Novice: 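Can you read through this structure? Questions will come right after.
Per chain, numbering begins at 1; letters A, B, ... match sequence-line order. Bear in mind the structure is a predicted one, so any value in this text is a computation, not a measurement.
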Amino acid sequence: MTEPRPRPPVDDAELLVRAQRIAGRSVVQVAERFGLPVPPNLRANKGWLGQLVEYALGASAASRAEPDFPHLGIELKTVPVDSMARPRESTYVCVAPLDGGLASTWEESWCRRKLDRVLFLPVVGDGPLATRVLGAALLWAPSEEERGRLQADWEEITERVVRGDLEGLDARVGEILQLRPKGATARDTTWTLDADAQWVQTMPRGFYLRRAFTAGLLQRAFGVASMS
DNA sequence: ACTTGATCATAC
DNA sequence: GTATGATCAAGT
């Protein structure tokens, strides 16, 4: 008994109901519902889990530079967590335009659009993929303060890119948003303007949310009160 | 332990 | 190559 691919949810409520339906279930349970085989691990297929959840919740399949649910303005992110809902990894946001960028302001950046509203779907466990369990979803939107911090980080990083200062721009820049390599290998290249305004090849990079930041979000939503 | 830098699969 | 989905693995 396998179900067909769900259509896109019509509103927030329908999306949330679908998320609740898979919460508490294992990866193999969700996959079997749609007749999808579960790979033994994610090593050779790192995006598989994210794609399974997209499928189950009715996100569009195509790879496009817009949120997973364009009509709702919601981006979907799975996040691997331990039993205390602490993330094991940072969260990829989007690629960073290094070509001098037409998107020169935070307001019109892909980054802001992706982070406007995010449905975080925790996946609990680090054992065999099939046995990991989907957690309760968190529909998050940045607070006033968080938006300010995201914008400040984005602007600092973008300023350096525009100045052609990629050498001094590593993953240490940014309090909650950071820039890291994003390609198949370190030999992958894209074009950028260096400090002398010359076109040079460099590694493609992407924006990521630091682990400590997403940890804070999940802790506030799901965490138990701390003694300290 | 944690972060930074490197890597894997796939669609177009 | 550029974008999507991310995790792996070396470095500190």
Novice: Heavy-atom count check: over 12 atoms from other residues, nucleotides or ligands less than 6.0 Å from R88(A) CZ?
Specialist: yes
Novice: Is the backbone N or O of M84(A) less than 3.5 Å from a side-chain atom of D82(A), with the two atoms forming a donor-acceptor pair by type?
Specialist: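 Here the side-chain-to-backbone pair exists.
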Novice: Give a yes or no on this: more than 12 heavy atoms of other residues, nucleotides or ligands lie within 6.0 Å of atom CD of E144(A).
Specialist: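 No, CD of E144(A) has 12 or fewer neighbouring heavy atoms, counting only those of other groups under 6.0 Å.
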Novice: Tell me whether the rings of F120(A) and W140(A) are parallel (<30°), tilted (30 to 60°) or perpendicular (>60°).
Specialist: tilted
Novice: Quick check: does any side chain N or O of R132(A) sit under 3.5 Å from a backbone N or O of P80(A), one acting as donor and the other as acceptor?
Specialist: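 Side chain of R132(A) to backbone of P80(A), a donor-acceptor pair under 3.5 Å: no, none is there.
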Novice: Can you tell me the distance, in whole Å, between the CD atom of E66(A) and the P atom of dT4(C)?
Specialist: 10 Å
Novice: Give each protein N/O atom lying under 3.5 Å from an N/O atom of nucleotides 8-12 of chain C, with the pair distance.
Specialist:
residue, atom, partner, partner atom, Å
dC8(C), O4', K46(A), NZ, 3.3
dC8(C), N4, E89(A), OE1, 3.2
dA9(C), OP2, R43(A), NH2, 3.4

Novice: Ignoring hydrogens and angles, tell me if any N or O in the side chain of R160(A) forms a donor-acceptor pair with the backbone of D165(A) under 3.5 Å.
Specialist: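 Not confirmed, R160(A) side chain does not pair with D165(A) backbone.
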Novice: Just how far, in rounded Å, is P of dT7(B) from CG of D188(A)?
Specialist: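 Going from CG in D188(A) over to P in dT7(B) covers 9 Å.
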Novice: Can you tell me how far C1' of dA6(C) sits from CD of E75(A), to the nearest Å?
Specialist: 12 Å
Novice: Rounding to 10°, can you tell me the angle the first-five-pair axis of the helix from dA1(B)-dT12(C) to dC12(B)-dG1(C) makes with its last-five-pair axis?
Specialist: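 Roughly 30°, once rounded to the nearest ten degrees.
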Novice: Under 3.5 Å, side chain of T158(A) to main-chain N/O of E155(A), donor-acceptor pair present?
Specialist: no
Novice: Could you tell me the separation between the NZ atom of K182(A) and the C1' atom of dT7(B), rounded to a whole number of Å?
Specialist: 9 Å
Novice: Rounded to whole Å, how long is the line connecting atom CD of Q178(A) with atom C1' of dC2(B)?
Specialist: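 Those two atoms, CD and C1', are 12 Å apart.
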Novice: Roughly how far, to the nearest 0.5 Å, is the CG atom of L209(A) from the OG atom of S90(A)?
Specialist: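 Going from OG on S90(A) over to CG on L209(A), the span is 8.5 Å.
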Novice: For atom CD of E3(A), decide whether the heavy atoms of other residues, nucleotides or ligands shown that lie under 6.0 angstrom number more than 12.
Specialist: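 Yes, enclosed.
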Novice: Taking atom types as they are modelled, is there a donor-acceptor pair under 3.5 Å from the base of dA3(C) to the side chain of Y92(A)?
Specialist: no
Novice: Checking contacts here: which listed nucleotide (dG5(C), dA3(C), dT7(C)) is nearest the side-chain heavy atoms of W110(A)?
Specialist: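 The listed nucleotide nearest to W110(A)'s side chain is dA3(C).
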Novice: Rounded to whole Å, how long is the line connecting atom CZ of R210(A) with atom P of dT3(B)?
Specialist: 8 Å
Novice: Give the rounded distance in Å between these two atoms: CZ of R211(A) and P of dC2(B).
Specialist: 6 Å
Novice: F207(A) CZ to dG5(C) P: how many Å, rounded?
Specialist: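 Taking CZ of F207(A) and P of dG5(C), I get 15 Å after rounding.
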